[in-house]
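Working notes for the structure below.
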Amino acid sequence: MNTNVLREAADRFGTPLYVFDLDTVRERVERFRHGFGSGVTLTYSMKTNPFLTGPMSETADRIEVCSMGEFCICRDLGIAPEKLYISGVLKLKGDLEQILEYGTDRARYTAESPQQLAYLSEWAKAHGKTLRVYPRLTNGSQFGMDADTIVSLIRDRGSFPNIEFAGIHFFSGTQKKKLRKHQKELAMLDAFFARLLEEAEYVVPELEYGTGFAVPYFEDEKAQEDLRDPESLAAFMDMIRGMNWKGSVTIEMGRAYAAECGSYVTTACDLKVNDGSHICLLDGGIHQINYDGQIKGMYRPPIEVIPRDGSASAQDEAPEHWMLCGSLCTMNDVLCRDFAGTIREGDRVVFGKAGAYSVYEGMSLFLSHELPGVVLYSEKDGLVQVREQTQTYPLNEGPAPKA
């Protein structure tokens, strides 16, 4: 993101601060749409970054919703039911009934278990609606149902007259770095679809497939395939086209869309030297930023230093090796153990590729620190604040001591 934009955001809204570039995420979606080619539906997993849900509903074809809270966000934003793909490992009956009142037969629903399918079927029958349901095939984890269960349910589909089995949902994990992982999964799915045809006389109309394409975060990572480049996307699509099964394909992703759009902006507040080690204390910390694979700050994510207001650039000064630490009272609060660069008090220290999960995987409520503000940016609209810094201590308050 443009350095001037980040400086302006920090000056106007304070730090720590997340800034999400909507132009970047939109460009990424269009790059995937071009890479996959025509006929492929794109689903955005909003758990990646809920703040992008509204803009992504305008760019992606569907929004995957995995919790009641996520549904409430979509409802409050007025996302059309046709856009909603209701997923989630645990759908409580009461929550699901509220979701169904909004989505009715216009949304799409996964079934993680026979119980969930029964809830959907019961509601559909009572309301005279036909719901589009995607049984989720497990990858051996606690998610979804095994192949035998799905075959049995679909074979017995006459018992669910108000359910249209619209396809199969499959997701096996994130940060997949090799195409051969997908090749193995697609071969398994191809065989499973053939089994459904043979044993249940069911032709799978659609595959809703979570790719889990990896995003490289660290500068010193070993060379790996970037499955998001045009050649890899073309190879991936060749694998799908090479399946014996022929049907519609929906690709579900989150991290691959959003990672590059985010910046986490902090301020260098206190600089010191402990036994020869240069330490920079920032006003953020590991409770607010996390990178998949980071271990006690051993790896270096994208980091940029923006000199403080009115100062000359310090980039021509001899760089020091800094340990970048947050403001928590724990020795684990190390964001980067070895950053080579020049930092002065008041400089902004910006962590890149912070648009996916990193915002939510940190311990946001730890030590009752405030939640950072959130700002969205686009060239068209400029900077728009969507959340002010918010105190978390009321969320951590228990009952008062008895007199």
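- In this structure, a donor-acceptor pair under 3.5 Å is absent between the side chains of Thr390 and Glu370.
- A side-chain donor-acceptor contact under 3.5 Å links Ser141 and Asn139.
- Under a 3.5 Å cut-off, the side chain of His127 and the backbone N or O of Trp123 do form a donor-acceptor pair.
- No side-chain donor-acceptor contact under 3.5 Å links Trp245 to the backbone of Ala194.
- Arg157 pairs by the side-chain hydrogen bond (donor to acceptor under 3.5 Å, both in side chains) definition with nothing, not counting sequence neighbours.
- Here the straight-line distance linking atom NZ of Lys181 with atom NZ of Lys176 works out to 6.0 Å at 0.5 Å rounding.
- The structure places CD of Glu379 at 12.5 Å from CG of Leu22, a figure rounded to the nearest 0.5 Å.
- At a cut-off of 3.5 Å, with distance as the only test, a side-chain donor of Arg348 or Thr267 sits close to an acceptor on the other residue.
- In terms of modelled atom types and a separation under 3.5 Å, the side chain of Thr266 and the main chain of Leu282 share no donor-acceptor contact.
- Taken from CD in Gln115 to CG in Leu120, the straight-line distance is 10.5 Å, to the nearest 0.5 Å.
- Taking all atoms of both residues into account, the shortest heavy-atom contact from Asp283 to Cys269 is CB-SG, 3.8 Å.
- A donor-acceptor contact under 3.5 angstrom links the side chains of Asp146 and Thr149, judged on distance only.
- Annotation: the span from Cys336 atom SG to Phe218 atom CZ amounts to 9.5 Å, rounded to 0.5 Å.
- Checked against the 6.0 Å centroid threshold, Phe339 and His321 do not count as a close aromatic pair.
- Although no hydrogens or angles enter the test, the distance criterion places a donor-acceptor pair under 3.5 Å between the side chain of Thr138 and the main chain of Gly140.
- Under the salt bridge (charged side-chain N to carboxylate O under 4.0 Å, His left out) criterion, the residue pairs touching residues 71-91 are Glu82-Arg106, with sequence neighbours excluded.
- Rounding to the nearest 0.5 Å places OG1 of Thr15 at 12.0 Å from CG of Leu6.
- Glu260 places no side-chain N or O within donor-acceptor distance of the main-chain N or O of Thr24, the cut-off being under 3.5 Å.
- Using a 4.0 Å cut-off between a side-chain N of Lys or Arg and a carboxylate O of Asp or Glu, Arg155 and Asp148 do not qualify as a salt bridge.
- Formation of a donor-acceptor pair under 3.5 Å by the Gln389 side chain with backbone atoms of Pro372 is not found in this model.
- The existence of a salt bridge linking Arg31 and Glu27 is confirmed by a sub-4.0 Å separation between a basic side-chain nitrogen and an acidic carboxylate oxygen.
- Screening residues 69-90 for ring pair (Phe, Tyr, Trp, His ring centres under 6.0 Å) gives Phe71-Tyr102, Tyr85-Tyr134, Tyr85-His169 as the qualifying pairs, with residues at least two apart or on separate chains.
- Atom CD1 of Ile251 sits about 6.5 Å away from atom CZ of Phe213, to the nearest 0.5 Å.
- Judged by distance alone, with hydrogens and angles left aside, the side-chain atoms of Glu70 form a donor-acceptor pair with the main-chain N or O of Cys66 at under 3.5 Å.
- In the model, Glu219 has no side-chain atom that pairs as donor or acceptor with a side-chain atom of Tyr299 under 3.5 Å.
- Shortest non-hydrogen contact noted between Pro205 and Ala166 is CG-O, 3.0 Å.
- Counting only residues at least two apart or in different chains, side chain to side chain donor-acceptor pair (under 3.5 Å) contacts with residues 159-168 comprise Asp156-Ser159.
- A salt bridge is defined here as a Lys NZ or Arg NE, NH1 or NH2 lying under 4.0 Å from an Asp or Glu carboxylate O, and Glu345 with Arg308 fails to meet this definition.
- Evaluation of the side-chain hydrogen bond (donor to acceptor under 3.5 Å, both in side chains) rule for Tyr264 yields Gln288 as partners, not counting sequence neighbours.
- Between Phe32 and Tyr257, the gap from one ring centroid to the other is short of 6.0 Å.
- In this structure, a donor-acceptor pair under 3.5 Å is absent between the side chains of Tyr217 and Arg300.
- Here Arg33 pairs with Asp61 in a salt bridge; the nearest charged N to carboxylate O distance falls below 4.0 Å.
- Judged purely by distance below 3.5 Å, without hydrogens or angles, the side chains of Asn274 and Ser277 never pair a donor atom with an acceptor atom.
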Step by step, work out the side chain to side chain contact (heavy atoms under 4.5 Å, CB included) result for Phe193 and Leu207.
CA-CA 10 Å; Phe193 293 171; Leu207 167 62; 4.0 Å; yes
Between Ile79 and Leu84, is the side chain to side chain contact (heavy atoms under 4.5 Å, CB included) condition met? List the steps.
CA-CA 8 Å; Ile79 306 297; Leu84 302 185; 3.7 Å; yes
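- Within a 6.0 Å radius of NZ in Lys296, no more than 12 heavy atoms belonging to other residues, nucleotides or ligands are found.
- Side chains of Glu64 and Thr43: no donor on one and acceptor on the other come within 3.5 Å.
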Quick one: do Val249 and Glu206 satisfy side chain to side chain contact (heavy atoms under 4.5 Å, CB included)? Show the steps, please.
CA-CA 6 Å; Val249 177; Glu206 180 183 343; over 6 Å; no
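- With sequence neighbours excluded, no residue forms a salt bridge (charged side-chain N to carboxylate O under 4.0 Å, His left out) with Glu388.
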